[in-house]
S.K.: 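Before I ask anything, let me first share the structure, which is written out below as structure tokens.
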There are 2 protein chains.
Amino acid sequence: MGKQMTEMLKGTLEGIVLAILSGRSAYGYEITAWLRDQGFSDIAEGTVYALLVRIEKRGLVDVEKVPSEKGPPRKVYSLNAQGREYLEEFWRTWSFLAERIEQLRTGGR
Amino acid sequence: MGKQMTEMLKGTLEGIVLAILSGRSAYGYEITAWLRDQGFSDIAEGTVYALLVRIEKRGLVDVEKVPSEKGPPRKVYSLNAQGREYLEEFWRTWSFLAERIEQLRTGGR
DNA sequence: GCAAGTATTCAGTGTTACTATGTACCAGTA
DNA sequence: TACTGGTACATAGTAACACTGAATACTTGC
């Protein structure tokens, strides 16, 4: 992946994953596959798992272990109340940033 | 500044500064003041200067020392050809990311 | 002399995504 | 049995970047 994208994902990837989980619960492998499908072609699996551990430790998600037909048990994550609150704040931060940057693109200066 | 904003600025602040410089040349103190004016209330001065050193080392900007009426000489930065190219790529990367995130916000899933 | 505004620099810290690898479970097949 | 491949998670070490908290330097005005 481009170096620019790598740096830009810092701070946004977390929000992306939380946004995914706000729609429905999911497990790591699934999230990684979905991201790749969306064009984030080379997001490392390790990255997603590390992120999930992080947001779990912060108490933004609830976790449930679910047996899989093929392979080891899945850790299914779902957004809890605190996570939803955090996601709200993510959207506010994102909106602010996106607006300024969009202005810079069109307005120059 | 919020922790989320701090993390989100990684990778984007560089593009923001390059975009500013694409409009006209400027020096560090001026850029910091402008950013604060735009609502990036607590961007540390040190951050901007470190960034300027970085993009100078990468050869994205030209530098000229200009005496100031008040205070030490200014280092005035201006975007060169390589910088313009890099900025182009920044816009592409940003657009890609912004589109996916916007989809997530409106589409859910 | 001293404070305040202008202007730059730098050492040390925390957070985050990446690389690379390892573990574990199951199905199919030779 | 042994081997391959897909599914699923975990982790140690690295690089990049913004922040904190200084220090330095030049000028004007009290």
Side-chain angles (χ1 to χ4, degrees), chain A residues 1-18 25-36 40-58 60-61 63-77 86 90 93 97, chain B residues 1-18 25-36 40-58 60-61 63-77 86 90 93 97:
Chain A
M1 195 152 31
K3 197 174 139 300
Q4 282 193 344
M5 183 57 92
T6 291
E7 289 309 319
M8 241 182 252
L9 281 176
K10 294 187 183 177
T12 52
L13 184 56
E14 188 178 288
I16 291 172
V17 169
L18 290 177
S25 39
Y27 54 98
Y29 193 83
E30 193 184 3
I31 294 172
T32 305
W34 187 87
L35 286 171
R36 294 205 167 137
F40 297 100
S41 42
D42 325 286
I43 286 199
E45 281 199 82
T47 297
V48 175
Y49 287 114
L51 193 157
L52 289 171
V53 167
R54 230 154 47 222
I55 62 179
E56 183 187 352
K57 272 189 187 154
R58 283 202 217 130
L60 306 179
V61 287
V63 190
E64 198 190 351
K65 249 195 172 122
V66 177
S68 162
E69 323 82 55
K70 24 173 42 183
R74 299 165 173 165
K75 281 179 74 176
V76 176
Y77 295 84
Y86 191 84
F90 170 79
T93 308
L97 186 60
Chain B
M1 192 153 34
K3 197 173 140 301
Q4 281 194 348
M5 183 57 93
T6 291
E7 290 308 319
M8 234 182 259
L9 281 176
K10 291 187 181 177
T12 53
L13 183 57
E14 189 177 290
I16 291 172
V17 170
L18 291 176
S25 40
Y27 54 98
Y29 193 83
E30 193 184 5
I31 294 173
T32 305
W34 187 88
L35 286 171
R36 295 207 166 135
F40 296 100
S41 44
D42 324 287
I43 285 199
E45 284 199 81
T47 298
V48 174
Y49 287 113
L51 192 157
L52 289 171
V53 167
R54 227 153 49 221
I55 62 178
E56 182 187 352
K57 272 187 187 154
R58 282 202 218 131
L60 307 179
V61 287
V63 189
E64 197 190 353
K65 251 198 171 118
V66 177
S68 162
E69 322 83 54
K70 21 172 49 185
R74 297 166 173 164
K75 282 179 73 177
V76 176
Y77 295 83
Y86 191 85
F90 169 79
T93 307
L97 187 60

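Below, chain A is the first sequence line, B the second, and so on; all start at residue 1. What you are looking at is a predicted structure, and each value in this text was computed from that prediction instead of being measured. Atoms considered below: every heavy atom in the structure, side chains included; atoms not considered: hydrogens, waters and symmetry mates.
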S.K.: Extract from the structure each pairing of a protein N or O with an N or O of nucleotides 2-12 of chain C at less than 3.5 Å, listing the distance.
M.R.:
{"unit_1": "C:dT6", "atom_1": "OP2", "unit_2": "B:Tyr29", "atom_2": "OH", "d": "3.1"}
{"unit_1": "C:dT6", "atom_1": "O3'", "unit_2": "B:Lys70", "atom_2": "O", "d": "3.2"}
{"unit_1": "C:dA7", "atom_1": "OP1", "unit_2": "B:Ser68", "atom_2": "OG", "d": "3.0"}
{"unit_1": "C:dA7", "atom_1": "OP1", "unit_2": "B:Arg74", "atom_2": "NE", "d": "2.6"}
{"unit_1": "C:dA7", "atom_1": "OP1", "unit_2": "B:Arg74", "atom_2": "NH2", "d": "2.4"}
{"unit_1": "C:dA7", "atom_1": "OP2", "unit_2": "B:Tyr27", "atom_2": "OH", "d": "3.3"}
{"unit_1": "C:dT8", "atom_1": "OP1", "unit_2": "B:Lys75", "atom_2": "N", "d": "2.7"}
{"unit_1": "C:dT8", "atom_1": "OP2", "unit_2": "B:Gly28", "atom_2": "N", "d": "3.4"}
{"unit_1": "C:dT8", "atom_1": "OP2", "unit_2": "B:Tyr29", "atom_2": "N", "d": "2.8"}
{"unit_1": "C:dT8", "atom_1": "OP2", "unit_2": "B:Tyr49", "atom_2": "OH", "d": "2.7"}
{"unit_1": "C:dT9", "atom_1": "OP1", "unit_2": "B:Lys75", "atom_2": "NZ", "d": "3.3"}

S.K.: Calculate the interatomic distance between A:Glu64 atom CD and D:dA8 atom P; express it in whole Å.
M.R.: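 These atoms are roughly 15 Å apart.
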S.K.: Are B:Phe40 and B:Leu9 side-chain neighbours, meaning at least one heavy-atom pair lies under 4.5 Å?
M.R.: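 With C-beta onward as the side chain, the pair touches.
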S.K.: Check this for me: does the side-chain of B:Lys10 come within 3.5 Å of the base of C:dT15 through a donor and an acceptor?
M.R.: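 Side chain to base: pair found, below 3.5 Å.
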S.K.: If I take atom CD in residue A:Glu7 and atom C1' in nucleotide D:dA15, what distance separates them, rounded to the nearest angstrom?
M.R.: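 Distance, rounded to whole Å: 8 Å.
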S.K.: In whole Å, I'd like the distance from the CD atom of A:Gln4 to the C1' atom of C:dA17.
M.R.: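 Roughly 15 Å, once rounded to whole Å.
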S.K.: Under 3.5 Å, which donor-acceptor pairs do the side chains of residues 49-57 of chain B form with other protein atoms, sequence neighbours left out?
M.R.:
{"unit_1": "B:Tyr49", "atom_1": "OH", "unit_2": "B:Tyr29", "atom_2": "N", "d": "3.3"}

S.K.: Please confirm whether the shortest side-chain N or O distance from A:Arg54 to OP1 or OP2 of C:dT16 is below 4.0 Å.
M.R.: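 The answer is yes; a side-chain N or O of A:Arg54 sits under 4.0 Å from OP1 or OP2.
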S.K.: Could you tell me which residues satisfy salt bridge (Lys or Arg N to Asp or Glu O under 4.0 Å) with A:Arg58, sequence neighbours excluded, listed by chain and number?
M.R.: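 A:Arg58 satisfies salt bridge (Lys or Arg N to Asp or Glu O under 4.0 Å) with A:Glu14 only.
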S.K.: Got a sec, which residues hit salt bridge (Lys or Arg N to Asp or Glu O under 4.0 Å) with A:Glu64, two or more places apart in sequence or on another chain?
M.R.: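 In terms of salt bridge (Lys or Arg N to Asp or Glu O under 4.0 Å), with neighbours along the sequence ignored, A:Glu64 is linked to no residue.
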S.K.: What is the separation between atom CG on B:Leu9 and atom C1' on D:dC19, rounded to the nearest whole Å?
M.R.: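 Those two atoms, CG and C1', are 11 Å apart.
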S.K.: Take the protein atom CD1 of A:Ile31 and the nucleotide atom P of D:dA10, then report the distance between them rounded to whole Å.
M.R.: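 After rounding, the reported distance stands at 12 Å.
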S.K.: Mind checking the NZ-CD spacing from A:Lys10 to B:Glu7? Nearest 0.5 Å is all I need.
M.R.: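 If I round to the nearest 0.5 Å, the distance is 8.0 Å.
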S.K.: Could you give the CG-to-P distance, from B:Leu13 to D:dA16, as a whole number of Å?
M.R.: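 The distance from CG of B:Leu13 to P of D:dA16 comes to 17 Å, rounded to the nearest Å.
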S.K.: Base, sugar-phosphate alone, or nothing: which one does B:Leu52 contact when heavy atoms must sit under 4.0 Å apart?
M.R.: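 If one applies the 4.0 Å heavy-atom cut-off, B:Leu52 turns out to touch nothing in the nucleic acid.
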S.K.: Checking A:Glu45 now: which residues fulfil salt bridge (Lys or Arg N to Asp or Glu O under 4.0 Å) with it, not counting sequence neighbours?
M.R.: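 Listed in chain order: nothing, the list is empty.
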S.K.: CE of A:Met5 versus C1' of D:dC17: gap in Å, rounded?
M.R.: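 Taking atom C1' of D:dC17 as the reference, CE of A:Met5 is at 17 Å.
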S.K.: Closer than 4.0 Å, any side-chain N/O of A:Lys3 to the OP1 or OP2 of D:dC17?
M.R.: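 It does, given that an N or O in the side chain of A:Lys3 lies less than 4.0 Å from OP1 or OP2 of D:dC17.
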S.K.: List the residues meeting side-chain contact (heavy atoms from CB on, under 4.5 Å) with A:Gln4, not counting sequence neighbours, and say none if there are none.
M.R.: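 Once residues adjacent in sequence are excluded, the partners of A:Gln4 under the side-chain contact (heavy atoms from CB on, under 4.5 Å) criterion are B:Tyr86, B:Glu89, B:Phe90, B:Thr93.
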S.K.: Without decimals, in angstroms, what is the distance between A:Glu56 CD and D:dC9 P?
M.R.: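 It is 12 Å, rounded to the nearest whole Å.
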